[in-house]
Student: 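First the structure, then my questions, so here it is.
Both backbone and side-chain heavy atoms feed into the values below; hydrogens, waters and symmetry mates do not. Whatever order the structure lists them in is the order used to number ligands and atoms, beginning at 1. FYI, the numbering just counts along the sequence from 1.
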Amino acid sequence: MALIDTLRNAFSGRLLTESSDMAAFLTDWRGKWTGMALAVAQPDGTEDVAAIIRWCRQNQVAVVPQGGNTGLCGGATPSAEGRSLVLSLTRMNRVRAIDTSNNTITVEAGLTLQRVQEAARDAGRLFPLSLAAEGSCTIGGNLATNAGGVQVLRYGNARELCLGLEVVTADGRIWHGLKGLRKDNTGYDLRNLFIGSEGSLGVITAATLKLFPLPTTRIAAFVALSSLEAALALLALAQHHLGDGLTAFELMSDTCIGLVEKHVASARFPLSERASWYALIELSSMDDETTAGELMQTMLAQAMESGEVTDATIAASIAQARALWALREDMSEAQAAEGKTIKHDISLPISAIPEFVTSTNRAVVERFALARMVVFGHLGDGNLHYNVSPPEGFGADSADAFVAQEAAINLFVHDEVARRGGSVSAEHGLGVLRRDEAARYRDPTADALMNTLKSALDPLNLMNPGKVL
Ligand code: FAD
């Protein structure tokens, strides 16, 4: 029997083997990486996943878990040899349980983040993880990458929102760890080992997640800042005035907004004055709209009086709030439409950000002839998408000259980050994109421990080989 037929017999889900059927699973969202695979397996349930993994083990076939394929680091793309199996979890998309008294929801790994949010909302609760790819990315992918997004400031990243996991291990056993407990000190924390492991230790098949009270009011404000330092002062002021209600504090440069205006037809600049930097602030509240709006107004009035904010608008309707958020959320697409990009997903102590951005922006533009800084991110989390685009008017035919600088720019930027105690991957993970750079800056003992864990849990190196480590 041909190898692929033995796999077909091993589980009950769908198996894709035609290249036209597999194509969408073999290239990442940005079109940066393309691989080959023996097949794409789409299991229907956890037992199916376990059977597939046991088959992979018996036949020494590497497995590449995949969710929505929206990851930005090449982690879900198989290598070019074509000897691995893509394991797509998207058919495993059921809500298994909601417990509103315990404030938890248990879902299968292939459910999209948006559907998790909707299921929570239907039960009168909030699942706060939120990012621009939420209509396509899956909760399994979110946990495997420990995704962040726009509300980490208040609710934490995917890791902090997860109480329990169900995982198929590299030898095909099922770990039944779907506990909805907020306290559980019974040994090593396996859940946190699999979260953020990017499919390199096992396959997440289901998760029990934390739910929160659903805010009654959301107030979004878009403000022009007098300087980057003013952004920090405003963040502190917002934290002081809005407390736990401050659910997002996003920073973006005027260059970023310009790209969105250029490439997104519906985008409208909401202020009367331009500035070098803007912030998008969101207050989520249990108060009525008037009370919450007044709280935001009072905070912004104080910031204008002290000079941190030079202009501001508060969304007066849901449509206006959406339009303000679109300016931020359309940024990745606008940048992609502008052409090639050299991206960095860095984090720093928040206090170091103004000095880092000012001095590194200047140095990058001085050292590299073809560089325009496109900087935005989750300032409240110290996380910047510190990107470099070609200068305006740069012809697409010269894209190679721009891309040729990538390794040198990466090294320069990441050295600057490391020098200030930062991280070269804040929320996107490592995949293949940042694997070697992360190793360059990793503490040697941490590196040895990570390799020990990998060989203990996946001794045949079949789980997403070549990714992370
Ligand atoms: P995939 O891309 O399919 O996989 C990502 C990694 O997880 C791979 O290594 C894969 O092998 C592994 N994996 C997937 N599913 C499983 C599983 N069930 N078990 C084990 N391993 C698995 N990320 C952020 O953190 N914050 C943002 O604000 C953000 N914004 C984005 C905006 C856009 C427009 C886009 C395209 C992406 C953005 N991302 C962001 C990145 C991406 O959406 C996240 O990394 C997301 O968590 C990936 O989920 P996915 O289901 O698409 O995973």
Student: At what distance is the nearest protein heavy atom to atom 37 (C) of ligand 1, and which residue and atom is it?
Tutor: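 Residue, atom and distance for the closest contact: Thr70 O, 3.4 Å.
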
Student: Look at ligand 1 and say whether Gln66 reaches it with a heavy atom at a distance under 4.0 Å.
Tutor: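 True for this residue.
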
Student: Side-chain donor-acceptor pair under 3.5 Å between Tyr386 and Asp345, yes or no?
Tutor: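 The criterion, which ignores hydrogens and geometry beyond distance, is not satisfied for Asp345 and Tyr386.
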
Student: Can you name the atoms of ligand 1, numbered from 1 with element, that are less than 4.0 Å from a heavy atom of Asn464?
Tutor: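 Those atoms are 9 (O), 11 (O).
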
Student: Pull out every atom of ligand 1 sitting under 4.0 Å from any heavy atom of Gly67, numbered as shown with elements.
Tutor: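 It comes down to these atoms of ligand 1: 1 (P), 3 (O), 14 (C), 15 (N), 51 (O).
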
Student: Would you mind checking which non-hydrogen protein atom is closest to atom 33 (C) of ligand 1, with the distance to 0.1 Å?
Tutor: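 Heavy-atom neighbour on the protein nearest atom 33 (C) of ligand 1: Ala133 CB, 3.9 Å.
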
Student: Just jot down the ligand 1 atoms closer than 4.0 angstrom to any heavy atom of Glu198, in number order.
Tutor: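 What qualifies from ligand 1 is 9 (O), 11 (O), 12 (C).
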
Student: Under 4.0 Å between a side-chain nitrogen and a carboxylate oxygen: does that hold for Glu166 and Arg191?
Tutor: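 Looking at Glu166 and Arg191, the cut-off is not met.
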
Student: For Arg434, is there an ion pair with Glu437 - N to carboxylate O distance below 4.0 angstrom?
Tutor: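 Looking at Arg434 together with Glu437, the answer is yes, because their closest N to O distance falls below 4.0 Å.
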
Student: Between the side chains of Asn69 and Asp28, is a donor N or O closer than 3.5 angstrom to an acceptor N or O?
Tutor: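 No, because no side-chain N or O of Asn69 sits under 3.5 Å from a partner of the opposite role on Asp28.
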
Student: Pick one: which of Arg328, Arg322, Arg154, Arg218 meets salt bridge (charged side-chain N to carboxylate O under 4.0 Å, His left out) with Glu282?
Tutor: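 So, applying the salt bridge (charged side-chain N to carboxylate O under 4.0 Å, His left out) to Glu282 and each of Arg328, Arg322, Arg154, Arg218, only Arg218 qualifies.
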
Student: Distance under 4.0 Å to a non-hydrogen atom of Trp29: what atoms of ligand 1 satisfy this?
Tutor: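 The list of qualifying atoms is 34 (C), 36 (C).
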
Student: Can you tell me the protein heavy atom closest to atom 2 (O) of ligand 1 and the distance?
Tutor: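 Nearest neighbour among protein heavy atoms for atom 2 (O) of ligand 1, to 0.1 Å: Gly71 N, 2.7 Å.
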
Student: Using only atom types and a distance under 3.5 Å, with no angle test, would you say the side chain of Arg435 pairs donor to acceptor with the backbone of Gly466?
Tutor: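 Side chain of Arg435 to backbone of Gly466, a donor-acceptor pair under 3.5 Å: yes, one is there.
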
Student: Among all protein heavy atoms, pick out the one at the shortest distance from atom 32 (C) of ligand 1; state its residue, atom name and that distance to 0.1 Å.
Tutor: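 The protein heavy atom lying closest is Ala132 CB, 3.7 Å.
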
Student: Kindly identify the option in Thr77, Leu129, Asn142 whose heavy atom sits closest to atom 47 (O) of ligand 1.
Tutor: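 Minimum heavy-atom distance to atom 47 (O) of ligand 1 goes to Asn142.
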
Student: Checking a contact table here: which protein heavy atom is nearest atom 10 (C) of ligand 1, and how many Å away?
Tutor: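 That would be Pro65 O, 3.1 Å.
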
Student: Could a heavy atom of Gly149 be found less than 4.0 Å from some atom of ligand 1?
Tutor: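 Yes, Gly149 has a heavy atom closer than 4.0 Å to ligand 1.
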
Student: Below a 4.0 angstrom heavy-atom separation, can you tell me which part of Lys467, side chain or backbone, both or neither, approaches ligand 1?
Tutor: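 It is neither; nothing of Lys467 touches ligand 1.
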
Student: Give the atom numbers and elements of ligand 1 that come within less than 4.0 Å of a heavy atom of His378.
Tutor: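 It comes down to these atoms of ligand 1: 28 (O).
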
Student: Output the list of atoms in ligand 1 that are nearer than 4.0 Å to some heavy atom of Thr138, sorted by atom number.
Tutor: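 Under 4.0 Å from Thr138, ligand 1 has these atoms: 50 (P), 51 (O).
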
Student: Run the numbers for me: atoms of ligand 1, each under 4.0 Å from some heavy atom of Gly75, listed by number.
Tutor: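 So the atoms of ligand 1 that pass are 8 (C), 9 (O), 11 (O).
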
Student: Can a side-chain donor-acceptor contact be found between Ser389 and Gln335 if the only test is distance below 3.5 angstrom?
Tutor: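 Their side chains do contain a donor-acceptor pair, which is all the 3.5 Å distance test asks for.
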
Student: Which one of Thr34, Val86, Leu85, Val63 satisfies the side-chain contact (heavy atoms from CB on, under 4.5 Å) criterion with Pro78?
Tutor: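 Checked Thr34, Val86, Leu85, Val63 against Pro78; only one passes side-chain contact (heavy atoms from CB on, under 4.5 Å): Val86.
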
Student: Check the pair His385, Glu427 against side-chain hydrogen bond (donor to acceptor under 3.5 Å, both in side chains), reporting the backbone distance first and the verdict last.
Tutor: CA-CA 10 Å; His385 299 307; Glu427 60 173 7; 3.0 Å; yes

Student: Answer yes or no for Gly202: is there a heavy-atom contact with ligand 1 below 4.0 Å?
Tutor: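 Yes, Gly202 has a heavy atom closer than 4.0 Å to ligand 1.
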
Student: Should the heavy atoms of other residues, nucleotides or ligands under 6.0 Å from CZ of Arg96 be counted, would the total exceed 12?
Tutor: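 Correct, the count exceeds 12.
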
Student: Distance alone, cut at 3.5 Å: any donor-acceptor contact between the side chains of Glu333 and His263?
Tutor: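 No donor-acceptor contact under 3.5 Å links the two side chains.
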
Student: Give a yes/no on ligand 1: does Asn69 have at least one heavy atom closer than 4.0 angstrom to it?
Tutor: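 It does; at least one heavy atom falls under 4.0 Å.
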
Student: Between the side chains of Asn464 and Ser200, does any donor sit under 3.5 Å from an acceptor?
Tutor: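 Not at all, the side chains of Asn464 and Ser200 share no donor-acceptor pair under 3.5 Å.
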
Student: With atoms numbered from 1 as shown, which atoms in ligand 1 lie under 4.0 angstrom from a non-hydrogen atom of Leu89?
Tutor: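 Near Leu89, the atoms of ligand 1 are 18 (N).
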
Student: Which residue owns the protein heavy atom closest to atom 5 (C) of ligand 1, what's the atom, and how far is it?
Tutor: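 Ranked first by proximity to atom 5 (C) of ligand 1 is Thr145 CG2, 3.7 Å.
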
Student: Do Asn387 and His344 have side-chain N/O donor and acceptor atoms under 3.5 Å apart?
Tutor: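 Per modelled atom types, Asn387 and His344 side chains form no pair under 3.5 Å.
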
Student: Tell me, which protein residue and heavy-atom name are nearest atom 7 (O) of ligand 1, and how many Å apart are they?
Tutor: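 Looking only at protein heavy atoms, the one closest to atom 7 (O) of ligand 1 is Ala144 CB, 3.4 Å.
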
Student: Below 4.0 Å from ligand 1: does a non-hydrogen atom of Glu134 turn up there or not?
Tutor: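 No; Glu134 lies far enough from ligand 1 that no heavy-atom distance drops under 4.0 Å.
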
Student: Would you mind checking which non-hydrogen protein atom is closest to atom 23 (N) of ligand 1, with the distance to 0.1 Å?
Tutor: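 The answer is His428 CD2, 3.5 Å.
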
Student: Could you tell me whether some N/O pair between Ala147 and ligand 1 is separated by less than 3.5 angstrom?
Tutor: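 There is no such contact.
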
Student: Where does Glu333 meet ligand 1, judged by heavy-atom distances below 4.0 Å: at the side chain, the backbone, both, or neither?
Tutor: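 Contact part for Glu333 vs ligand 1: neither.
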
Student: Using distance alone, determine whether Ile204 and ligand 1 share an N or O pair under 3.5 Å.
Tutor: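 Yes, there is a polar N/O contact under 3.5 Å.
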
Student: For Asp184, is there an ion pair with Lys179 - N to carboxylate O distance below 4.0 angstrom?
Tutor: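 Looking at Asp184 together with Lys179, the answer is yes, because their closest N to O distance falls below 4.0 Å.
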
Student: Mark yes or no for whether Asn383, through its side chain, and Ile346, through its backbone, hold a donor-acceptor pair below 3.5 Å.
Tutor: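 Judged by distance alone, yes, a pair lies under 3.5 Å.
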
